[in-house]
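Report on the structure given below.
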Amino acid sequence: MKGPLDGLRVLDMGWVMVGPVTGRYLADLGADVVKLESSRRVDPLRTLGPFKDGKPGLERSISYHNLNAGKRSLTVDIKDSRGREAILRLVEWADVLIESFSPGVLDDLDLAYPVLKARNPALIVASTSLLGQTGPHARGTSGVGTMGASMSGASLLLGWPGHAPCGTYGPWTDAIAPRFIVPSILAALHRRRATGEGCHIDVAQAEAGIQFLSPAWYQYAANGTVMERRGHAGSPLRVPHGIFRCAGQDRWIALDGSDEAAWQALRTIVGGPLLDSKFDTLIGRLRGRQELENAISAWTISQQADELERSLQSAGVPAHVVSNSNDLAHDPDLLDAHYCHIDDPIVGDAIVEGPRYRLGRTPERATRRGPRIGEHTQEILRDLCGYDAAAIDELKAAGVLV
């Protein structure tokens, strides 16, 4: 079954999250994605889990399968000149190369963009690192998404005033940066169709993360005010707007009754203190925020979150249960298409996420499991790099295919 990017050839030299997620998106769209790995320096994602049945193992990480579904795996020592030559042959084959090394690593390996371009002028190279390839702090700065979240300003905004920042759940920029990289690659492919030219795309992960924090930056740019942790999920300019406790253990609901129509519906449903005339205007509700939210909390605490969600939505009040993992696992919309079963020789049946979209004129491709380390090395070297059996055996004997 063909996808919209059927025939696109991608060399994925990323690891952990940003690079692999980018490659996963392209694979979902039909691209042939070859992931470069090493059994000597294993992709850390293989060690992070969660592991199927709670049994650790480099081939048992569901996170790895989720981020690398549909790819092929090649193991080559790129520090060896023979391994480097194999990579350059793949560069000749590829349309797109994704890399997420720290700035300067590819230069040291003599695989910088000018070298790659000389080998394939039409190649599109997407480089992604915490601070990009240039700038006063780019080189020498390494780390993972937790650092990116701190650099982008996300970590400082979450938590309670007077207490240490809580940071984001997981790596903020790891989830955001691929959403910028993939459209950039698609734009570069569109340009190449017209010009025949490749290019080098540089995406700084921290800068990608800043895009979702624009109000905080604008507040400083306009007024010199540094936004601080509020310990409140709602907007300071919208009320009622936030998260309220429901009946049961750690059950909550998010609601927004700040719009006039939603507010009138909410106060009619809740009644009691919400009917007080001092809450008739937005100014009155802002001034009495704490009293108003206390009254709503006193009402929601006895309500079942699921039932409350349905009743509020039916009345026109935006509301949704604050989902836990069990909620997500049984959500009918997600079960309908988002979750996909894979069958792996080692972990057996497992569930990973499917594509985040549906295309009206293009059938969806079945989501395939992630590859085992080096699973496709021989076929890639043979079919894509042009090595014969003897040459492959020689590379293997020399310890290059590890």
Side-chain angles (χ1 to χ4, degrees), residues 10-26 33-38 40-45 67 74 76-81 83-88 90-91 94-121 123-155 171-185 187-188 197-213:
V10 179
L11 175 56
D12 180 359
M13 296 176 66
W15 64 343
V16 193
M17 290 190 70
V18 177
V21 170
T22 301
R24 163 76 199 269
Y25 283 158
L26 299 177
V33 181
V34 171
K35 177 174 174 58
L36 177 66
E37 295 196 74
S38 171
R40 288 178 179 167
R41 192 176 184 187
V42 174
D43 186 335
L45 190 63
L67 271 59
L74 164 74
V76 168
D77 181 0
I78 58 175
K79 293 183 179 180
D80 188 292
S81 60
R84 176 180 175 277
E85 174 57 28
I87 292 301
L88 289 174
L90 273 179
V91 165
D95 298 299
V96 175
L97 184 149
I98 303 164
E99 66 92 3
S100 57
F101 294 107
S102 297
V105 170
L106 287 187
D107 297 278
D108 295 340
L109 294 170
D110 198 19
L111 289 171
Y113 176 66
V115 175
L116 304 177
K117 180 181 179 181
R119 199 73 174 232
N120 181 356
L123 182 69
I124 295 166
V125 176
S127 296
T128 176
S129 59
L130 288 182
L131 298 179
Q133 302 299 302
T134 60
H137 303 298
R139 293 212 172 197
T141 298
S142 60
V144 293
T146 310
M147 284 82 252
S150 298
M151 292 174 182
S152 71
S155 298
W172 168 263
T173 47
D174 280 355
I176 293 173
R179 276 75 174 174
F180 288 85
I181 301 170
V182 173
S184 299
I185 291 173
E197 299 176 352
C199 65
H200 187 194
I201 299 167
D202 177 14
V203 177
Q205 295 164 22
E207 291 180 17
I210 291 172
Q211 305 302 310
F212 285 76
L213 301 167

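Computed over heavy atoms, backbone and side chain alike; hydrogens, waters and symmetry mates excluded.
- Rounding to the nearest 0.5 angstrom, the gap separating the CH2 atom in Trp15 from the CZ atom in Arg41 is 3.5 Å.
- Of all heavy-atom pairs spanning Gly198 and Ile124, the tightest one is CA-CG1, 4.2 Å.
- Asp77 pairs by the side chain to side chain donor-acceptor pair (under 3.5 Å) definition with Arg40, not counting sequence neighbours.
- From Met17, atom CE reaches atom CG of Asp43 across 11.0 Å, with rounding to the nearest 0.5 Å.
- In this structure the side chain of His200 never reaches within 4.5 angstrom of the side chain of Leu97, judged on heavy atoms.
- Considering only residues two or more places apart in sequence or on other chains, Asp174 meets the side chain to side chain donor-acceptor pair (under 3.5 Å) condition with none of them.
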Original post:
Does the pair Phe180 and Glu207 meet the rule for a side chain to side chain contact (heavy atoms under 4.5 Å, CB included), with working shown?
Top reply: CA-CA 10 Å; Phe180 288 85; Glu207 291 180 17; over 6 Å; no
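- With contacts defined as side-chain heavy-atom distances shorter than 4.5 Å, the pair Leu36/Met13 qualifies.
- Looking only at side-chain heavy atoms (C-beta outward), Ile181 and Ser184 stay at 4.5 Å or farther from each other.
- Contact annotation: the side chain of Val96 never approaches that of Leu11 to less than 4.5 Å [non-hydrogen atoms, C-beta and beyond].
- No donor-acceptor distance shorter than 3.5 angstrom exists from the side chain of Arg84 to the backbone of Leu111, with no hydrogens or angles considered.
- Note that the CG atom of Leu90 and the CG atom of Leu116 stand 11.5 Å from one another [nearest 0.5 Å].
- To the nearest 0.5 Å, the span separating CD on Gln133 from OG1 on Thr128 amounts to 8.5 Å.
- Between the CG atom in Leu130 and the OG atom in Ser102 there is a gap of 7.5 Å [rounded to 0.5 Å].
- Residues Thr22 and Ile185 have side chains in contact (heavy-atom distance under 4.5 Å, counting atoms from C-beta outward).
- A donor-acceptor pair is defined here as one N or O able to donate and one able to accept, closer than 3.5 Å; such a pair exists between the side chain of Asn120 and the backbone of Ala94.
- Residues Val34 and Asp12 are not in side-chain contact: their nearest non-hydrogen atoms beyond the backbone lie 4.5 Å or more apart.
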Report the C-alpha separation of Arg119 and Glu85 in whole Å, then their side-chain angles, then the decisive distance to 0.1 Å, and conclude whether the salt bridge (charged side-chain N to carboxylate O under 4.0 Å, His left out) test is met.
-> CA-CA 11 Å; Arg119 199 73 174 232; Glu85 174 57 28; 2.7 Å; yes
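- Applying the side chain to side chain donor-acceptor pair (under 3.5 Å) test to Glu99 and every residue at least two apart in sequence or in another chain returns Ser127.
- Remark: the backbone N or O of Gly14 is paired with a side-chain donor or acceptor of Lys35 at under 3.5 angstrom.
- Looking only at side-chain heavy atoms (C-beta outward), Glu37 and Leu74 stay at 4.5 Å or farther from each other.
- Atoms CG and OG, from Leu109 and Ser81 in turn, are 12.0 Å apart once rounded to the nearest 0.5 Å.
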**Message:** Before you tell me yes or no, could you show the steps for Gln205 and Ser129 under side chain to side chain donor-acceptor pair (under 3.5 Å), namely the whole-Å CA-CA distance, both residues' side-chain angles and the distance that decides it to 0.1 Å?
**Reply:** CA-CA 6 Å; Gln205 295 164 22; Ser129 59; over 6 Å; no
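- Residues Pro121 and Glu197 fail the side-chain proximity criterion, which asks for heavy atoms closer than 4.5 Å.
- Val18 and Ala177 get closest at one heavy-atom pair: CG1-CB, 3.9 Å.
- In plain terms, the two heavy atoms of Cys199 and Ala188 that are nearest each other are SG-CB, 3.6 Å.
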